[in-house]
Amino acid sequence: MKITTWNINSVRLRMPLVARFLKSHSPDVLLLQETKCRDAEFPASDFRSLGYPHLAINGQKGYHGVAIASKHPLEPLGARDFCKAGHARHIAAEVKVGGEPLRLHNFYVPAGGDEPDREINPKFAHKLDFLDEMREWTRDEGVSQGRVILAGDLNIAPLEHDVWSHKALLKVVSHTPIEVEKLTKAFDAGGWVDALRRFVPAEEKLYTWWSYRAADWSASDRGRRLDHIWVSPTLGGALREMQVLREARGWERPSDHAPTTIVLEV
DNA sequence: ATGGTAGCGATGCTA
């Protein structure tokens, strides 16, 4: 079972890149964030043609938006409106593998704006509240019980080597101590396994995102690990492979995020 | 310390 998460930054604009990725890597399931279109505008027929006819979509006009595309039938499990903000930032579905259901939660956590102070920046306050709700939801609803994957653009790089410079980014939204603490509490509440770090030690750099604003993103290599795949305790032993497709960041008119994939033996 | 780019959709907001 191969599962990819990718912040696509407009699914309509980048459908050719999605097609290129699906044809070359053929994941069973693709989780997308920042689709940036209403459900009626989602390029469903393109996904059907590519062999991904099963879709669970939660979109909105212009901003945010998440989707799950699958080769295998999906059982929709709905979308939670975190913080009652009316944003499309979560979608869940179940896919059957070998007769056993595998539950998928696809997240797009708020980026949080520029100023890391909840008193003066409502977007940062929203991000912190969103993370608190993720922890409470995980704890109170037993979200990580059974075969479950929580993945997506979590917009936080929690470890020192999830960013190009820990020291330089301590006051930069995505790597501040308060965000890291709240994300870690949500992670601990589920007993989740950090699937990507199972394959790359904490002492090694690992990024999934490189800013559009760099003159040469690859040469400067000032990346961050903003995209994550967490698996439930039950699935930890089933992890076999991980890949961050860095080369996709160098494709024509790319997303600023790279497709990030795990393989599970289930 | 600063400013740099991108998408949506029609002006500034979000990232």
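Sequence lines set the chain letters: A, B, ... in the order given, protein chains first and strands last, and positions in each chain run from 1.
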Have a look at A:Arg12 and say if it touches a base, only the backbone sugar-phosphate, or nothing, with a 4.0 Å heavy-atom cut-off. sugar-phosphate
Give every pair of a protein N or O atom and an N or O atom of nucleotides 1-5 of chain B that lie under 3.5 Å apart, one pair per line with the distance.
| residue | atom | partner | partner atom | Å |
| --- | --- | --- | --- | --- |
| B:dG4 | O6 | A:Arg213 | NH1 | 3.0 |
| B:dG4 | N1 | A:Arg213 | NH1 | 3.1 |
| B:dT5 | O4' | A:Tyr212 | O | 3.1 |
| B:dT5 | N3 | A:Arg213 | NE | 3.4 |

Any side-chain N or O of A:Arg14 below 4.0 angstrom from OP1/OP2 of B:dA6? no
Atom-to-atom span, CE of A:Met15 to C1' of B:dG7 - whole angstrom: 18 Å
Does A:His90 use its side chain to pair, donor to acceptor, with the backbone of A:Arg80 at less than 3.5 Å? yes
Let me know the distance between CH2 of A:Trp251 and C1' of B:dA6, rounded to the nearest Å. 19 Å
Under 4.5 Å side-chain linkage, directly or through intermediates, the cluster mates of A:Tyr63: none
Tell me: CG of A:Leu17 to C1' of B:dA6, nearest whole Å? 14 Å
Check the distance between B:dA6's C1' and A:Glu252's CD and give it to me in whole angstrom. 14 Å
To the nearest Å, give me how far apart NZ (A:Lys36) and P (B:dA15) are. 9 Å
Is the shortest side-chain N/O distance from A:Ser10 to OP1 or OP2 of B:dA6 below 4.0 Å? no
Starting from the 5' end of DNA chain B, give me the residue, A:Lys123 or A:Arg253, whose nearest nucleotide shows up first. A:Arg253
In whole Å, measure the gap between the C1' atoms of B:dT14 and B:dA10 for me. 15 Å
Chi angles and distances behind the ring pair (Phe, Tyr, Trp, His ring centres under 6.0 Å) call for A:Phe187, A:Trp230: CA-CA 8 Å; A:Phe187 180 81; A:Trp230 296 352; 5.0 Å; yes
Classify A:Arg38 by what it touches in the nucleic acid, base, sugar-phosphate, or nothing, heavy-atom distance under 4.0 Å. nothing
With a non-hydrogen cut-off below 4.0 angstrom, is A:Arg89 in contact with a base, only sugar-phosphate, or nothing? sugar-phosphate
Closest-nucleotide ordering on DNA chain B, the 5'-leading residue of A:Pro254 and A:Tyr108: A:Pro254
If every non-hydrogen atom of A:Asn155 is compared with every non-hydrogen atom of A:Val109, which pair is closest and at what distance? ND2-O, 2.8 Å
Roughly how far apart, to the nearest Å, are B:dA15 and B:dT2 at atom P? 23 Å
Would you confirm whether the ring centroid of A:His166 sits within less than 6.0 angstrom of the ring centroid of A:His175? yes
Starting at atom CD1 of A:Ile8, determine the distance to atom P of B:dA15, rounded to an integer number of angstrom. 18 Å
A:Asn7 CG to B:dA6 P: how many Å, rounded? 15 Å
Taking atom C1' in both B:dA1 and B:dG12, what distance in whole Å separates the two? 26 Å
Can you tell me how far C1' of B:dA15 sits from CZ of A:Phe124, to the nearest Å? 15 Å
Is the ring centre of A:Trp137 less than 6.0 Å from the ring centre of A:His105? yes
Applying side-chain hydrogen bond (donor to acceptor under 3.5 Å, both in side chains), name anything that partners A:Thr261, two or more places apart in sequence or on another chain. A:Thr4
Over 60° means perpendicular and under 30° means parallel, so classify the ring planes of A:His64 and A:Tyr108, tilted if in between. tilted
